[in-house]
Every structure is written in C-alpha cells, then in structure tokens.
Amino acid sequence: MQRHQSTGERILTNLDHVGKDHAIYLPQDEMPDHWYNILADLPEQLPPPLDPRTLKPMSPEPLLRLFAKELVMQEVTSERFIKIPDEVYDAYLRLPRPTPMLRARRLEKFLNTPAEIYYKCEYVNPTGSHKPNTAIAQAYYNMTEGNRRVVTETGAGQWGSALAMASGLFGLKCDVYMVRASYDQKPGRRIMMEAMGANVVASPSKKTTFGRNILESDPNNSGSLGMAISEAIEDCIFHEDTRYCLGSVLNHVLLHQTVIGLEAKKQLEMADVQPDVICGCIGGGSNFAGFAYPFMADKLKGKSPTKFIACETKAVPSTTRGVYTYDFGDTAEMTPLLKMYTIGHKYQPPPIHAGGLRYHGKAPSLCYLINKGYVSSVAYSQTEVFEAARILAQTEGMITAPETAHVVKCAMDEALNCKKTGEKKVIAFNNCGHGLLDLEAYDAFINGRLEDYEPDHIDTPNLVP
Ligand SMILES: Cc1ncc(COP(=O)(O)O)c(C=O)c1O
C-alpha cells in the first residue's frame, strides 16, 4: 500500500508570487438577471427526444405529468435569454451569488507554469455545489404551480441536498432516492438532507416496484443514477400532488446553471483576460454547460478560439468510449429516448467516490457539441484525480468534491503542458463543489486504499436503427 505524501514543504517557502489580483468579485447588483439558452445558437436543431414505442419525435405534453409546466416550456424553448423570476433572483443573492472567481496563483507557482489558472467558486453556498442554481428555480416553479411535493434521485448527495434546501425555502415536501453506493459512503450527506427536511431512502429501495424487483434478484445492488431516476419517476407517477425534479441532463437544468458562466464572463473581463481553455467535469453535464455555454456562444459565432474540455471518469466513460445514439435516460426504460453519448442504460457503474459522475449518458446539447467537435472530452481514473485534488488542497487550501477533482486534474495537465511549450494560456475551470462531506474518500486515497475501475467491455445500445 502506497501512502501519498504531503507536498506541503515544497510550496510554503516563498509567498512573493501571491499577487493582489487573486480574487475577482462581481457586485451583487451586477448579477445576471437572465439565463442563457444555447438552443438559440446551435447551428441546427438538436435531434428530438423520441417516443420509445413509436420511435417518432415526442411532443412535450407527457412531460407535464412529471415536471412543472414552466420547466417543460423551458425545456423546448429556443428563446435566447430567459428572465430569472424575482423570487429566484432574491434566493440566488442569498446563497450568496455572484460567486467569486479566484486566480490559483499558489497552484501556478507550485506547477511552475507560465499559464494563468482561474476557478469559479460554486462551492460557496450552504450545500456546497452548483446544484442550488437549478434546485431553487425548480422548487420555485413547482410552488407557484401548486405542487406540494417534489421527488428526485441523487448520486453523491449534492443534488439531493440542494433540492432539500430549495424545497424548504418554498415550502415543499421533498423525497430523495439516494444511490446506495453513496448512501453507504456518505452518511453526512443523508443527514444534511434530513436536517433540511427531506426524506431520504437508499436506491434501489423497497418503496417502488422497480426497486423491489432489483433487490429480489440482487439484494446487495449498489444502485446507479439511472436506477434512482426510475424509482423517482415511478413514485411521481403514483402520487398526483407530486412532480419530479432532475439535477442534470435536461435543457432546463443546464439553462439555470448558465448564471455561473454569465458571471464568469464578466469576471474574466474585469481581470482583462480571455480564456484559452474552459474546462469542467461532467456527470450529466450541467455544471460544465452552466460554466461553458455563455463562452461557447462566442465560439458558435466564430468569434472565439477558446478550447473547451469536458472531464469524465474512466469508470463511466460515456463520451470517451460510448456511442452517440438514442438511449433511455434511466434504467427502467421510463424516459423518452434521448440522443446522447451513452455506454448503455443497463450499465452498472462501479462504486467510485465521484457518485455524481456515475451516469451512463450525458446532456443531449453537450453530446451534440462534442460530436461536432466544439468540445473535446477526456477521462481520468480516481487515483489520479485525488492526487490532483490533494495538490489543490495544499496549494489553494480548498478541498474539492471527488467529481470536481476531475477538472482539477484537467486544469493541472493543461498548465503543465504550457510549462513544456512556454505558452501563457489562461485556463478557467468550474470549481463546482467542495468535498467536506467526502473526507473518507480523501482518507482512502491518502492511505492507498483507492481502487481504479475501467470497464473491459461496453454493450452499447442499438435501440434506433
Ligand atoms: C460536485 C458535483 N460536481 C459535478 C456533478 C456532476 O453533475 P453535472 O455534470 O450535472 O454537473 C455533481 C453531481 O452530483 C456534483 O455533485
């Protein structure tokens, strides 16, 4: 067993590199008051969701039983900017937003790179990730439409915590199906959700027919986001007062997250820099999209040479080893078919600590941009990302979530590349979550107990000829 040594002594000897311009704050009265919808600027229409029975494009009507009406409208609209409702805007200000953009000068110094590294601090809110940006909006629309209860799935627990918090703000009941692997690994997250008033159950659970069927054939099944989504949808369908909320993948979720990138654009302008590289980790694609799409708008117009990199886990390599095809969004085949990079909705992800990256597919708009070459993607194993995250912790004093560790590795690799080439690139990444409730994962890494996983073989779906 290899114990991973501290890097501390090597970096604390000289602090003269720590400049004054290391934190860029956007005043609260400059927080964007609209979300940005990338569907307005794509070169062509996205391949539509298909009805799995007919394989014909599906109309949005059946979604009204699952989602608040306004969210269904946002799912299909091609309006470029959508006004943030006042109550949502007010709740954003109290998170608080805008979040700071930091320059990682100590990390730059440690890497001895000519590159400039910036990161957007989406972990600065009570639940610790970007997820409240959409949770608040989704809870708000459900409240205004008279729905009393929301139900959802959660992987690592960040999304569940955000929806639990937002449900409290808008007076809704909240039930969360938490993937068993994370439920066992992260009791702190379950407790946080319960403290905020949500009911949490490990998925697969005995609460749904789908969950019971899985447990019958495999009582120790560690679950997956695909399974938890199926359970939450089944629960929603059987309770009239309930609507389902999703933490990623769909257009309206990505839309709400664009407040991140709209702020980030203003902040980099304040620092008088243009990003050469924009990167983010991808589970379903929402934090990446939220950060990147406002910058992507310029690239789609041919106005920007920025390189975009999406980072996933080698344990669930949807975009790096999957195929771009139609697949179900969940394991029980209850969702419409979505065109995306997928490794198959039956894929059983290994129990890596980055629970939020254990999803077989990715957001259709992101997959389209990857397929057309606007975004490149890269996959890492968990040991190498924890190595990077530990360097960030020791240089910048910030412990990232295991999911976020993937983008830290990517930003560091890009900066090290600059060291070789001598290029002074500006690298910006979305620091989308803290890992203060993931410390056992750091413990496993430090004490050499982390295992890396990679599927030998992937059965890709072939549902649409
Ligand atoms: C901290 C964090 N980052 C990233 C993700 C991945 O999701 P997405 O790709 O939608 O941002 C999650 C999902 O739970 C998360 O909790």
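For ligands, and for the atoms within them, numbers begin at 1 and follow the listed sequence.
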With Tyr141 as partner, the option from His252, Lys69, Gln74, Arg243 fulfilling side-chain contact (heavy atoms from CB on, under 4.5 Å) is Gln74

Listed partners of Glu153 passing side-chain hydrogen bond (donor to acceptor under 3.5 Å, both in side chains), at least two apart = Tyr244

Between the side chain of Thr404 and the main-chain N/O of Gly433, is any donor-acceptor distance below 3.5 Å?
-> yes

With a 3.5 Å cut-off and no angle check, do the side chains of Asn133 and Gln257 form a donor-acceptor pair?
-> yes

Charged N to carboxylate O below 4.0 Å: is that the case for Lys339 and Asp327?
-> no

What about Phe386 and Tyr442, are their ring centers closer than 6.0 Å?
-> yes

Between the protein and ligand 1, are there any N or O atom pairs that come within less than 3.5 Å of each other, and if so, what are their names and distances?
| unit_1 | atom_1 | unit_2 | atom_2 | d |
| --- | --- | --- | --- | --- |
| ligand 1 | 7 (O) | Lys131 | NZ | 3.4 |
| ligand 1 | 9 (O) | Gly283 | N | 2.7 |
| ligand 1 | 9 (O) | Gly284 | N | 3.0 |
| ligand 1 | 9 (O) | Gly285 | N | 2.8 |
| ligand 1 | 9 (O) | Ser286 | N | 3.4 |
| ligand 1 | 10 (O) | Lys131 | NZ | 3.3 |
| ligand 1 | 10 (O) | Ser248 | OG | 2.5 |
| ligand 1 | 10 (O) | Ser286 | N | 3.0 |
| ligand 1 | 10 (O) | Ser286 | OG | 2.7 |
| ligand 1 | 11 (O) | His130 | NE2 | 2.9 |
| ligand 1 | 11 (O) | Ser286 | OG | 3.3 |
| ligand 1 | 11 (O) | Asn287 | N | 2.9 |
| ligand 1 | 11 (O) | Asn287 | ND2 | 2.8 |

